[in-house]
Amino acid sequence: MILKGKRIGVAFTGSFCTYEKAFRELENLVRTGAEVQTVFSQAAASIDSRFGSPRDFLARARQITGREPILTIEDAEPIGPGQLFDILTVLPCTGNTLAKLANGITDSPALMACKAHLRNGRPLLLSISSNDALGMNLKNIGLLLNAKNIYFVPFGQDDPVKKPNSMTARTEYLIPALVAALEGKQYQPILC
């Protein structure tokens, strides 16, 4: 398989409603033979929600990957100098993370992982999940679509009637989007 032996970072941010899909894709990545390392933002590693507890999420990540998740900014910083990943994906990438990434803010392990990884000119793949993607965050999506080495998992509106500004990635396209990004290409169609 094309991802066998690839070093893939997976950064979790706080869109807990998408975690079931995210963990399913994490399992799929490991099945490809990729070497997978997770990174958790502070929110992802500390907030209890109706979708589960951080203790359970961290345990599940350990069980799937066989590795301890990266949980601090200090532990994420060496990703850059060590060139630890061939590709990094933010799965899910919240509106908060989008905004901070687009504006150069590095205040969580996930964002430090992105910054450290991008400094090496390596691909970053965003799997967005934002209730304001077609609102205040649309400008940030536009900035990131135009940024070098940043790619997106195809995404679209998840509930146009009840949440008209909300968009989420179609995580079933994660693996083909990773393969395309490793080749320096945006997987298409980006909007679905």
Gap separating the [atom1] atom of [X] from the [atom2] atom of [Y], nearest 0.5 angstrom:
| X | Y | atom1 | atom2 | answer |
| --- | --- | --- | --- | --- |
| Thr106 | Glu77 | OG1 | CD | 11.0 Å |
| Thr97 | Asn140 | OG1 | CG | 11.0 Å |
| Thr65 | Ile8 | OG1 | CD1 | 12.0 Å |
| Met167 | Ile141 | CE | CD1 | 6.5 Å |
| Leu91 | Thr18 | CG | OG1 | 7.0 Å |
| Thr72 | Glu74 | OG1 | CD | 4.5 Å |

[X] atom [atom1], neighbour heavy-atom count above 12 within 6.0 Å:
| X | atom1 | value |
| --- | --- | --- |
| Asn103 | CG | yes |
| Arg55 | CZ | no |
| Phe16 | CZ | yes |

In the structure I gave you, are the side-chain heavy atoms of [X] and [Y] within less than 4.5 Å of one another anywhere?
| X | Y | result |
| --- | --- | --- |
| Ile70 | Phe40 | no |
| Pro154 | Cys192 | yes |
| Pro123 | Glu183 | no |
| Arg122 | Ile87 | no |
| Cys114 | His117 | no |
| Asn149 | Leu124 | no |

Main chain of [Y], side chain of [X]: is a donor-acceptor contact present, judged purely on distance under 3.5 Å?
| X | Y | result |
| --- | --- | --- |
| Arg60 | Phe23 | no |
| Arg67 | Val36 | yes |
| Gln157 | Asn165 | no |

Are [Y] and [X] co-members of a hydrophobic cluster defined by side-chain heavy atoms under 4.5 Å apart?
| X | Y | value |
| --- | --- | --- |
| Leu145 | Tyr187 | no |
| Leu138 | Leu98 | yes |
| Leu101 | Ile190 | yes |
| Phe12 | Ile128 | no |
| Leu144 | Leu88 | yes |

Verify side chain to side chain donor-acceptor pair (under 3.5 Å) between Ser15 and Ser129, making sure each step is shown before the conclusion.
CA-CA 7 Å; Ser15 184; Ser129 179; 2.7 Å; yes
Step by step, would you call Val10 with Val39 a side-chain contact (heavy atoms from CB on, under 4.5 Å)?
CA-CA 6 Å; Val10 178; Val39 180; over 6 Å; no
Salt bridge between Glu35 and Lys6, side-chain N to carboxylate O under 4.0 Å?
no
Which heavy atom of [X] sits nearest a heavy atom of [Y], and at what distance?
| X | Y | value |
| --- | --- | --- |
| Ala113 | Ile79 | CB-CD1, 3.6 Å |
| Asp158 | Ser166 | OD1-OG, 2.6 Å |
| Tyr151 | Gln186 | CA-OE1, 3.4 Å |
| Gly80 | Asn120 | O-ND2, 2.7 Å |
| Cys93 | Thr13 | CA-OG1, 3.7 Å |
| Ala11 | Ala110 | CB-CB, 4.0 Å |

Paired with Leu174, the side chain to side chain contact (heavy atoms under 4.5 Å, CB included) test is passed by just one of Leu125, Val179, Asn28, namely Leu125
Criterion salt bridge (Lys or Arg N to Asp or Glu O under 4.0 Å) on Glu25 and Arg31, from CA distance to verdict:
CA-CA 10 Å; Glu25 293 309 318; Arg31 274 196 283 277; over 6 Å; no
For the pair Leu58 and Thr38, evaluate side-chain contact (heavy atoms from CB on, under 4.5 Å) and give the outcome as yes or no after the intermediate values.
CA-CA 9 Å; Leu58 293 169; Thr38 57; over 6 Å; no
Using the six-membered ring wherever Trp is involved, compare the ring planes of Phe152 and Phe155 and label them parallel, tilted or perpendicular (cut-offs 30° and 60°).
tilted
Should Asp132 and Ser130 be marked as a side chain to side chain donor-acceptor pair (under 3.5 Å) after you check the CA-CA gap, both sets of side-chain angles, and the distance that decides it?
CA-CA 5 Å; Asp132 70 339; Ser130 173; 2.7 Å; yes
Would you say Arg7 and Gln83 are linked by a side-chain donor-acceptor pair, where the criterion is simply a distance under 3.5 Å?
no
Could you walk me through whether Arg170 and Thr168 pass side-chain contact (heavy atoms from CB on, under 4.5 Å), step by step?
CA-CA 7 Å; Arg170 302 301 189 251; Thr168 59; 3.6 Å; yes
In sequence, state the C-alpha distance, the side-chain angles, and the governing distance for Leu178 and Val153, and then conclude on side-chain contact (heavy atoms from CB on, under 4.5 Å).
CA-CA 8 Å; Leu178 279 165; Val153 175; over 6 Å; no
